[in-house]
Amino acid sequence: TGSTQPQRMLEAVQKNATKGDPESVFSAIDYYCRHKEWAMNVGDEKGLILDSVLTEVNPSIALELGTYCGYSTVRIARLLSPGSKLITVEFNPAFAAVARQIIAYAGVQDKVTLVEGPSGDLIPKMKERFGIKSFDFVFLDHWKDRYVPDTKLLEDCGLLRKGTVLLADNVICPGAPEYLKYVRNSPRYESRYFKSNLEYSKVEDGLEKSVFLG
Ligand SMILES: O=C(NC/C=C/[C@H]1O[C@@H](n2cnc3cncnc32)[C@H](O)[C@@H]1O)c1cc([N+](=O)[O-])cc(O)c1O
Ligand SMILES: [Mg+2]
């Protein structure tokens with residue numbers, strides 16, 4: 001009965017997932033989106049790449065740009081070590097409201113700070129508001145034309161350090177050509193493309209992992 005797609009995803013979680021079990025939460029979303037209604041979650045295939053990069057980086061402080069319904073928020077938070085934090089940024093209040101409920105249902109709310117507002121305004125406030133020195137890991141999955149300006153903003157605000165890992169979704173589909181040019185041509189990044197498929201589809205997509213060299 002949920003009137004919006006995010007609300008129908010939340011319903012699928014409440015109906016099919018186990019409270020406090022993050023894996024069952026994103027699996028319920030994957031099932032719903034694969035069989036009932038496509039949605040722009042990073043999904044199960046690219047999710048495995050996200051999981052492996054996260055496990056390698058093991059970030060103490062991570063940033064996600066574009067929460068949407070919280071699918072990748074839950075995927076990331078479940079892999080964080082005790083005491084580690086994920087800050088996720090979302091400007092659509094309706095999406096944020098659903099994400100908060102999905103994050104809470106998964107039981108990862110203590111690791112996650114969901115901040116409502118535009119990334120362009122919030123990034124410059126990260127240090128003062130959250131006492132962040134720099135991020136260990138950044139997942140970019142918001143509007144694709146925001147990837148470059150927000151990466152430059154993170155650099156300019158001193159929020160990246162030698163070794164910070166940026167992982168960007170959708171660099172092929174819908175595509176982030178300017179971003180690929182930026183990180184692949186800049187001497188300040190070591191970039192690598194992880195080929196995969198667009199969520200719940202056979203179309204090619206992939207994740208670009210870029211290490212900031214300082
Ligand atoms: O368009 C896509 N993603 C855009 C994601 C957008 C999400 O991030 C928020 N946002 C945007 N700028 C923001 C700035 N600040 C805060 N939140 C922001 C939007 O409110 C939305 O919740 C997309 C599209 C496809 N696709 O196949 O078409 C597949 C994907 O995996 C995708 O991620
Ligand atoms: Mg995406």
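These numbers come from a predicted model, not from an experiment. Counting convention: from 1, in listed order, for ligands and their atoms alike.
Between Glu199 and ligand 1 there is a heavy-atom distance shorter than 4.0 Å. At least one heavy atom of Trp38 sits less than 4.0 Å from an atom of ligand 1.
Close contacts between ligand 1 and Pro174 involve ligand atoms 24 (C), 25 (C), 26 (N), 28 (O), 29 (C) [criterion: under 4.0 Å to a heavy atom]. Counting the atoms of ligand 1 from 1 in the order shown, those under 4.0 Å from a heavy atom of Leu198 are 27 (O), 29 (C). Atoms of ligand 1 found under 4.0 Å from any heavy atom of Tyr68, numbered from 1 in the order shown, are 22 (O). Atoms of ligand 1 found under 4.0 Å from any heavy atom of Asn92, numbered from 1 in the order shown, are 20 (O). Applying the 4.0 Å criterion to heavy atoms of Asp169 picks out, from ligand 1, the atoms 31 (O). With ligand atoms numbered from 1 in the order given, ligand 1 contributes 15 (N) to contacts under 4.0 Å with heavy atoms of Pro118. In the vicinity of Asn170, heavy-atom distances shorter than 4.0 Å reach the ligand 1 atoms 29 (C), 30 (C), 31 (O), 32 (C), 33 (O).
Put simply, the side chain of Glu178 does not reach to within 4.5 Å of the side chain of Asp145, judged on heavy atoms. Residues Leu63 and Phe130 fail the side-chain proximity criterion, which asks for heavy atoms closer than 4.5 Å.
Nearest to atom 10 (N) of ligand 1 among the protein's heavy atoms is His142 CB, 3.8 Å. For atom 13 (C) of ligand 1, the closest non-hydrogen atom on the protein side is Phe91 CE2, 3.4 Å. The protein heavy-atom contact nearest to atom 8 (O) of ligand 1 is Gly66 CA, 3.3 Å. Looking only at protein heavy atoms, the nearest one to atom 12 (N) of ligand 1 is Trp143 CD1, 3.1 Å. What sits closest to atom 5 (C) of ligand 1 on the protein, heavy atoms only, is Asp141 O, 3.4 Å.
Atoms CD and CG, from Glu208 and Asn170 in turn, are 12.5 Å apart once rounded to the nearest 0.5 Å.
Under the 3.5 Å distance criterion, the side-chain polar atoms of Tyr147 are matched with a main-chain donor or acceptor of Asp169. Checked by atom type and distance alone, the side chain of Lys36 never pairs as donor or acceptor with a backbone atom of Ala12 at under 3.5 Å. Between the side chain of Asp205 and the backbone N or O of Cys173 there is at least one donor-acceptor pair closer than 3.5 Å. Put simply, the side chain of Lys133 never gets that close to the backbone of Gly131: no donor and acceptor are under 3.5 Å apart.
Of all N, O or S atoms in Asp169, the one lying closest to the Mg ion (ligand 2) is OD2. Per residue Asp141, closest N, O or S atom to the Mg ion (ligand 2): atom name OD1.
With hydrophobic clusters built from ILVMFWY side chains whose heavy atoms lie under 4.5 angstrom apart, Leu167 shares a cluster with Val57.
Close N/O approach between Glu90 and ligand 1 is found [any backbone or side-chain N/O within under 3.5 Å].
Around atom CD of Gln14, more than 12 heavy atoms belonging to other residues, nucleotides or ligands sit under 6.0 Å away. More than 12 heavy atoms of other residues, nucleotides or ligands lie within 6.0 Å of CZ in Arg184, so this atom counts as buried by the packing criterion. Residue-environment remark: OH (Tyr31) stays at or below the threshold of 12 foreign heavy atoms within 6.0 Å.
Looking only at atom types and distance, the side chain of Gln7 has a donor-acceptor partner in the side chain of Ser3 under 3.5 Å away.
None of the N, O or S atoms belonging to Tyr68 lies under 2.8 Å away from the Mg ion (ligand 2).
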Checking side chain to side chain contact (heavy atoms under 4.5 Å, CB included) for the pair Leu207/Ser196: CA distance, chi angles, key distance, verdict?
CA-CA 8 Å; Leu207 301 171; Ser196 185; over 6 Å; no
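Of all the listed residues (Ser119, Ser72, Gly120), Ser119 holds the heavy atom that lies closest to atom 14 (C) of ligand 1. The residue from Ala176, Ala99, Gly117 that puts a heavy atom closest to atom 16 (C) of ligand 1 is Gly117.
Using a 4.0 Å cut-off between heavy atoms, Lys144 contacts ligand 1 through its side chain alone, with no backbone atom that close.
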